[in-house]
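Everything on this sheet refers to the single structure shown next.
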Amino acid sequence: MIRDTLLRLKSGDLTKERIEAIVNAANSKLCGGGGVDGAIHQAGGPVIDEECEKIVVMQGGCPTGEAVITMAGWLPAKYVIHTVGPIWQGGNAGEEALLRNSYRNSLRLASKNGIQRIAFPSISTGVYGYPPELAAPAALDETMLFLKEKPGRFREVVFVLFTAEILKLFEDSLTVLAGKYKVKVR
């Protein structure tokens, strides 16, 4: 628990989460691509594509580190928050700040829309090549910092991780960060 928010890590399929909102690791054109992005667009059906197309027409897409929201279509969630994580370029192109912005802006947008339960994937660690061992501590630290700064905004934040290896990296990072945030890890 971070203040009054349950923070959970689990392995699984993000498209099957029964939660208010899931976060999509999107591309800047919001057109559905590979990995989690393609899976969300496919599982959610045409509603997601149609709403993403409207956003692209209105604002030209979604810049790296920013977030937009759509309905979830056929998914068991109600909303999809689409965020564009950074493409890994070796670590010297501001990737960590952009990754942190993806998590923070997703949480801000969820809070603005009254969402209290949200699920994240490991953003940018697939086709964008961000090393998971660097992404996990940045993702968790930014999320925990947001929850500490803005108590009461969320009942639950879940990281739904696709592989056992990435889950382990997130678990190890959470154990390290627990001391910083003075929380117990179960």
Side-chain angles (χ1 to χ4, degrees), residues 1-11 14 17 19-28 35-37 62-69 79-163 165-185:
M1 296 286 284
I2 305 287
R3 301 261 181 146
D4 49 356
T5 302
L6 177 62
L7 178 64
R8 291 192 308 128
L9 308 175
K10 64 182 271 191
S11 62
L14 186 64
E17 283 300 301
I19 198 156
E20 285 178 90
I22 61 171
V23 176
N24 179 20
N27 58 56
S28 62
V36 71
D37 187 23
C62 184
T64 303
E66 298 300 318
V68 295
I69 191 168
Y79 300 102
V80 177
I81 294 175
H82 307 265
T83 190
V84 182
I87 296 172
W88 182 254
Q89 298 175 42
N92 296 315
E95 294 99 316
E96 183 178 343
L98 290 168
L99 182 66
R100 286 175 173 269
N101 283 344
S102 290
Y103 285 97
R104 179 166 287 273
N105 287 327
S106 295
L107 289 164
R108 277 187 188 138
L109 187 56
S111 178
K112 179 181 171 184
N113 283 276
I115 295 164
Q116 295 185 348
R117 297 178 62 241
I118 186 170
F120 284 95
S122 180
I123 297 168
S124 285
T125 59
V127 296
Y128 281 12
Y130 204 112
E133 65 274 11
L134 300 177
L140 286 168
D141 186 47
E142 194 62 35
T143 300
M144 294 168 83
L145 180 61
F146 185 91
L147 296 175
K148 186 174 180 185
E149 290 172 353
K150 315 257 190 231
R153 302 274 174 111
F154 295 94
R155 287 193 338 250
E156 182 178 29
V157 176
V158 184
F159 284 84
V160 181
L161 306 159
F162 194 66
T163 68
E165 294 80 18
I166 293 178
L167 175 61
K168 176 76 167 104
L169 290 169
F170 270 76
E171 288 171 341
D172 292 347
S173 295
L174 183 58
T175 299
V176 170
L177 288 167
K180 175 180 178 179
Y181 290 96
K182 297 178 174 68
V183 296
K184 293 181 182 178
V185 177

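Here the CD1-OG1 distance, from I2 to T143, works out to 9.5 Å after rounding to the nearest 0.5 Å. Distance CG/L169 to CD/E133: 6.5 Å, rounded to 0.5 Å. Rounded to the nearest 0.5 angstrom, T163 OG1 and K168 NZ are separated by 13.0 Å. Distance check: K150 NZ to L145 CG gives 9.5 Å after rounding to the nearest 0.5 Å. Expressed to the nearest 0.5 Å, how far CG of L147 lies from OG1 of T5 amounts to 5.0 Å. Rounding to the nearest 0.5 Å places OG of S106 at 11.5 Å from CD1 of I22.
Taking every heavy atom of both residues into account, I81 and A110 meet most closely at CD1-CB, 3.6 Å. When every heavy atom of I166 is checked against every heavy atom of P132, the shortest pair comes out as CG1-CB, 4.1 Å. Smallest separation of non-hydrogen atoms from A119 and V160: CB-CG2, 4.1 Å. Closest of all the heavy-atom pairs between I123 and G85 is CG2-CA, 3.8 Å. G90 and E95 get closest at one heavy-atom pair: N-OE2, 3.3 Å. S122 approaches L161 most closely through the heavy-atom pair CB-CD2, 3.8 Å.
A 4.5 Å side-chain heavy-atom check between F159 and L140 finds at least one atom pair inside the cut-off. Annotation: side chain of K10 is in contact with side chain of V158 (closest heavy-atom distance under 4.5 Å). Within the 4.5 Å cutoff, the side chain of Y130 has heavy atoms near those of the P86 side chain. Between S111 and F154 the shortest side-chain heavy-atom distance falls below 4.5 Å. For the pair V183/M144, a side-chain contact is recorded, criterion being any heavy-atom separation below 4.5 Å from C-beta on. Using a 4.5 Å cut-off on side-chain heavy atoms (C-beta onward), D141 and K180 make contact. Using a 4.5 Å heavy-atom cutoff, the side chains of Y79 and N113 are not in contact. Side chains of S102 and V84 form no contact here, defined as non-hydrogen atoms less than 4.5 Å apart.
Under the 3.5 Å distance criterion, the side-chain polar atoms of D4 are left unmatched by any main-chain donor or acceptor of P151. Using modelled atom types, one side-chain atom of T83 and one backbone atom of E66 make a donor-acceptor pair closer than 3.5 Å. The main-chain N or O of R117 is found under 3.5 Å from a side-chain atom of E20 such that the two form a donor-acceptor pair.
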Intermediate values then yes/no, side-chain contact (heavy atoms from CB on, under 4.5 Å), E156 and Q116: CA-CA 7 Å; E156 182 178 29; Q116 295 185 348; over 6 Å; no

Decide side-chain contact (heavy atoms from CB on, under 4.5 Å) for I118 and I19; before the verdict, give the C-alpha distance in whole Å, the side-chain angles of both, and the deciding distance to 0.1 Å. CA-CA 6 Å; I118 186 170; I19 198 156; 5.6 Å; no

As a quick check of understanding, evaluate side-chain contact (heavy atoms from CB on, under 4.5 Å) for F162 and L14, giving each step before the final call. CA-CA 8 Å; F162 194 66; L14 186 64; over 6 Å; no

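Between Y103 and F120, the ring planes are tilted. Angles from 30° to 60° get that label.
Neither side chain, R104 nor N101, offers a donor N or O lying under 3.5 Å from an acceptor on the other.
The local environment of OH in Y181 is crowded, with over 12 non-hydrogen atoms from other residues, nucleotides or ligands closer than 6.0 Å.
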